[in-house]
Protein chains: 2
Amino acid sequence: MEVEKTISFKEAKACPVQFVLAVNDTLNVISGKWKLPIIGSLLFEKKRFSDIQRNISKITPRMLSKELKDLEMNGMVKRTVYDTTPITVEYELTESAKSLGDVLDKMLEWGLQHRQSTLSQN
Amino acid sequence: MEVEKTISFKEAKACPVQFVLAVNDTLNVISGKWKLPIIGSLLFEKKRFSDIQRNISKITPRMLSKELKDLEMNGMVKRTVYDTTPITVEYELTESAKSLGDVLDKMLEWGLQHRQSTLSQN
DNA sequence: ATTATTACTATACAAAAGGATACTAGTGTA
DNA sequence: TACACTAGTATCCTTTTGTATAGTAATAAT
């Protein structure tokens, strides 16, 4: 039986190893070619499998299925099956996933700034 | 000749495609197994190749060399060669890279919160 | 009976990322 | 002469990630 310690922001920030581990947690949740597009597609409304597929035109069903499973396992999306004919399955972001929006905004901001500052080096 | 348009935070945020692209810019800079550990290792002081290698015990010189090149190309680290014998090479984070610290803090914070909220689902 | 629909799965393959191990150049020391 | 040091490279191999293409189950409409 493992003892799992809950770590605080302060503790994690003070220790480089914990820091890297915790940041990696976040990174892993959104890593992979299609996670971000999928999250983006679900940011404003819940959607069905085929809707997402139409939304992200180049994704294959295999990848969409796999990435959605990953996201579900990581507590990022909720999957709901409706017993219609043919069945419909709805995917929606969890609250936690929605709160990732703020982080993504920060990344967006830094990305734009960084592009500026590296362009101006020429 | 390509016209390159500089995009604003507002513009990027309003357009899902631009949003995903810009966030991906940031993601790409820190993606790969060793980027974060390397950045972490350089956060507080400049270091030499062998120092970093000692710091991140499991990295091979091949990977360290490759990742440092990537980081340099992306404007994240500055490489300085000193003509000593044997030569010494120093790596340090650029200002832009240091400013990534804030983003990483956000990611750390979210990662910890998300872990809490998914644990409490059981 | 054939076709369409939704939400996938199966198989095979290609490409990218990463690891293991050995090696190099240039110089200094024992 | 032999060895050690720094900062890497070179070669080969394994693992992970992603792609292409075809197929499935359950049901309903034509």
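None of the values given here were measured: they were computed from a predicted structure. Residue numbers start from 1 in every chain, and the chains themselves are labelled A, B, ... in the order their sequence lines are given, proteins ahead of strands.
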Problem set entry | Distance in angstrom units between A/K35 NZ and D/dG18 C1', rounded |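 From A/K35 NZ to D/dG18 C1': 12 Å.
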Exercise. Do A/S8 and A/E11 meet the criterion of a side-chain donor-acceptor pair at a distance under 3.5 Å?
Worked result: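 There is such a pair between these side chains.
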Exercise. Hey, is A/K35 close enough to A/D70 for a salt bridge, meaning N to O under 4.0 Å?
Worked result: yes
For this session: Nearest 0.5 Å please: distance from the CG atom of A/L42 over to the NZ atom of A/K47.
Result: 6.5 Å
Exercise. Do B/Y91 and B/L64 touch side chain to side chain, with heavy atoms closer than 4.5 Å?
Worked result: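 Counting from C-beta outward, B/Y91 and B/L64 never come under 4.5 Å.
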Problem set entry | Other ILVMFWY residues reachable from A/Y82 by side-chain steps of under 4.5 Å | none
Quick check on [N]: is either OP1 or OP2 less than 4.0 Å from any side-chain nitrogen or oxygen of [X]?
| X | N | result |
| --- | --- | --- |
| B/Y82 | D/dA7 | no |
| B/R48 | D/dG8 | no |
| B/Y91 | D/dG8 | yes |

Problem set entry | Check: B/S65 side chain, B/R62 main-chain N or O, donor-acceptor pair, under 3.5 Å | no
Exercise. Can you tell which of C/dT5, D/dT19, C/dA7 lies closest to the side chain of A/W34?
Worked result: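 Ranking C/dT5, D/dT19, C/dA7 by closest atom to the A/W34 side chain puts D/dT19 first.
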Exercise. In residues 49-77 of chain B, which residues come under 4.0 Å of DNA chain C by heavy atom?
Worked result: B/R62, B/M63
